[in-house]
Number of protein chains: 2
Amino acid sequence: MSDATQTARAGKAIRDLIISGVVLPGERLAEVQLADRLNMSRTPVRSALNTLSHEGLVESLPGRGYAVASFAADDLRHAVELRGLLEGTAARQAAERGAAIFEVDQLNRVLQDIDALFQDQTTWKDHVHEYVDLNEEFHRLLIESAQNPVLARLYEQLIKLPFASPSDLVVGYWHLPGSFGKFTAAQHQHWAIVESIAAGRGTRAEFLGREHAEITTKALGEMLRSGALSRDLMATATRRSGPAARG
Amino acid sequence: MSDATQTARAGKAIRDLIISGVVLPGERLAEVQLADRLNMSRTPVRSALNTLSHEGLVESLPGRGYAVASFAADDLRHAVELRGLLEGTAARQAAERGAAIFEVDQLNRVLQDIDALFQDQTTWKDHVHEYVDLNEEFHRLLIESAQNPVLARLYEQLIKLPFASPSDLVVGYWHLPGSFGKFTAAQHQHWAIVESIAAGRGTRAEFLGREHAEITTKALGEMLRSGALSRDLMATATRRSGPAARG
DNA sequence: TCAGTTCGGAATGTATACACAGGGATTTGG
DNA sequence: CCAAATCCCTGTGTATACATTCCGAACTGA
């Protein structure tokens, strides 16, 4: 049940502390305190904090350790838009290079499984977890289809940010009213993206990828208005390293 | 003359070892060996290796340390293309939000300084170093003009890859025949990008940013054919973690 | 009362010692 | 002679002790 190394365990634990809101944005993360809480030495904690700082969940202070990173609502919107940009680029490159048949088949198979979940509007919410997995699998295959390791690496770094990954947004959104319509619309776009890739229509594939992010942005806006994210993220979101323009 | 911390010193030293080709792609990086060579303990070396693995210069092996990352020619091309994508996006967002006058002025001022360097085709090579600085400053201002911290972060992570940053490519290319024409063409695009931002023409700004990367890709191709990069990068470039598609 | 300085403590940066796992070389059996 | 298993050794993972720096608070002087 435990991870192989203490460092991995520390990373997961600290990430959970941040995501769950136990520690608030801006709050200092003292090594000894974390090591004590996690029953391990400072060494793996330090290593995990170093990793998390590169992933963007914590920020490294010059000479005095680390603090939980603050995210403004605009940051979340920007992250979603950039994810659409990268996914659109992946779709375009897959179309331009001529994706192999088995790759398109893989994508189609995932979409068929999602369609099956959506057939019954009254019971689909019992299968949200399956949808999360399938949706994540689709986006993973989409990035892979570009066969571009640099893009894949950039994508991985982007979706490490909270609520930038496909799964995070689905988990936070599915229970809101009207979510079924958004999900079915998104699924329609999924089909169109794969169709574009299979047909070699790179430009259409790219812009569908971007448009797909627009739905996500709308959903994110509803989540923010509904207050689902406000407590954790908006509390200290006003402060960020940006220029002090309007002192 | 030395950095503040041993960790920073270790990071710089190991990066230099990789860039200068003292250690070859694929080669293992043993902590004790590095600590011995740099006259420090394993702790800061380990921390630096962790950082470098997130930057992409070294790859972390499951349970046995680190190795120098391998870059294929395609990886370099992909990195340049993605840089164009991000710079184009930054330009579009700057145009769409309506960049402030002083920001456009800053960009124009840098371009005027570059123009001054290019006035005399016979002596411009004496000022390559100044051009490198100004070019880097322009691209930095361009990214800043989007006022998008997430995009800026992604860009920073991308240009940490070898030969993905504007400066790296200029330094490797300026001495090749015909470089003057490429640089003046690139400068023409710089002016057009700023003009588009000032005029609020987001679409034109974005595609100019992408097209700007095409010149860079061409220059990269010439560098690869000229053998300037072959020794360091191409030697072990064939091997990469990708799928074993063509046995 | 306020400003400057100095002292103290707490947390990070670094070094070293120990435990453990993985791999390669050697040896043994067929 | 080849294959497989075992042993040893190199190197990473972790813990802990020490050094150092940075911030804050208290004290002193004007």
Side-chain angles (χ1 to χ4, degrees), chain A residues 1-18 22-70 236 239 241, chain B residues 1-18 22-70 236 239 241:
Chain A
M1 79 197 302
S2 56
D3 293 322
T5 68
Q6 293 282 71
T7 300
R9 222 183 333 255
K12 241 187 153 16
I14 298 172
R15 167 180 259 98
D16 286 346
L17 287 177
I18 295 172
V22 175
V23 290
L24 296 176
E27 197 171 331
R28 285 280 304 277
L29 288 170
E31 296 174 5
V32 284
Q33 162 196 338
L34 286 171
D36 178 53
R37 182 198 282 256
L38 303 177
N39 282 97
M40 58 181 70
S41 83
R42 278 177 57 206
T43 308
V45 170
R46 195 178 174 74
S47 179
L49 285 172
N50 188 356
T51 293
L52 289 171
S53 77
H54 288 286
E55 295 180 354
L57 262 81
V58 311
E59 57 183 343
S60 128
L61 306 176
R64 15 200 244 104
Y66 301 88
V68 180
S70 306
T236 56
R239 146 175 43 95
S241 60
Chain B
M1 77 198 304
S2 57
D3 293 322
T5 68
Q6 294 283 71
T7 300
R9 221 182 335 254
K12 239 184 155 17
I14 298 173
R15 167 178 262 101
D16 286 346
L17 288 177
I18 295 173
V22 176
V23 291
L24 296 176
E27 198 170 330
R28 285 280 305 276
L29 290 170
E31 296 174 5
V32 284
Q33 163 195 339
L34 285 171
D36 178 54
R37 183 199 280 257
L38 304 177
N39 282 96
M40 58 181 68
S41 82
R42 277 177 57 204
T43 307
V45 170
R46 193 176 175 75
S47 179
L49 285 172
N50 188 356
T51 294
L52 289 171
S53 77
H54 288 287
E55 294 180 355
L57 263 79
V58 311
E59 56 182 344
S60 129
L61 306 177
R64 26 201 236 98
Y66 301 89
V68 181
S70 306
T236 56
R239 147 175 42 94
S241 60

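For the numbers below, each heavy atom of this structure counts, side chains included, while hydrogens, waters and symmetry mates do not.
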What does A:L29 touch in the nucleic acid at a heavy-atom separation under 4.0 angstrom: a base, only the sugar-phosphate, or nothing?
sugar-phosphate
Side chain to side chain contact (heavy atoms under 4.5 Å, CB included) with A:Y66: of A:L49, A:V45, A:L61, A:I14, only one passes, and it is A:L49
What range of DNA chain D does chain A touch, first nucleotide to last, counting atoms under 4.0 Å from its heavy atoms?
D:dT14 to D:dC23
Whichever of B:G65 and A:P44 has the more 5' nearest nucleotide on DNA chain D, that residue is B:G65
What is the nucleic acid contact for B:L49, judged by heavy atoms within less than 4.0 Å: base, sugar-phosphate only, or nothing?
nothing
What's the CD-P distance between A:Q6 and C:dC20, to the nearest Å?
13 Å
Just distance, no hydrogens or angles: give the donor-acceptor pairs under 3.5 Å from side chains in residues 29-40 of chain B, sequence neighbours left out.
residue, atom, partner, partner atom, Å
B:E31, OE1, B:R42, NE, 2.9
B:E31, OE1, B:R42, NH2, 2.9
B:E31, OE1, B:R46, NH1, 3.4
B:E31, OE2, B:R46, NH1, 2.4

For B:A10 and B:A48, work out which heavy atoms get closest and say how close.
CB-CB, 3.8 Å
Tell me: CG of A:N50 to C1' of C:dG13, nearest whole Å?
13 Å
Only one of A:L52, A:T51, A:N50, A:L57 passes side chain to side chain contact (heavy atoms under 4.5 Å, CB included) with A:H54, and that residue is A:N50
For A:T43, side chain to side chain contact (heavy atoms under 4.5 Å, CB included) partners two or more places apart:
A:S41
Assign B:T7 to base, sugar-phosphate, or nothing according to its heavy-atom contacts below 4.0 angstrom with the strands shown.
sugar-phosphate
Please give, in whole Å, the distance from C:dT14 P to B:N39 CG?
15 Å
With the side chain defined as heavy atoms from C-beta on, B:R64 is closest, among C:dG23, C:dT12, C:dT14, to C:dG23
I need the CG-C1' distance between A:L61 and C:dA11, as an integer number of Å.
12 Å
Given side-chain contact (heavy atoms from CB on, under 4.5 Å), test B:V58 with B:I18 step by step and report yes or no.
CA-CA 9 Å; B:V58 311; B:I18 295 173; 3.5 Å; yes
Want to settle it: does B:R28 or B:T43 sit nearer the 5' end of DNA chain D, counting the closest nucleotide to each?
B:R28
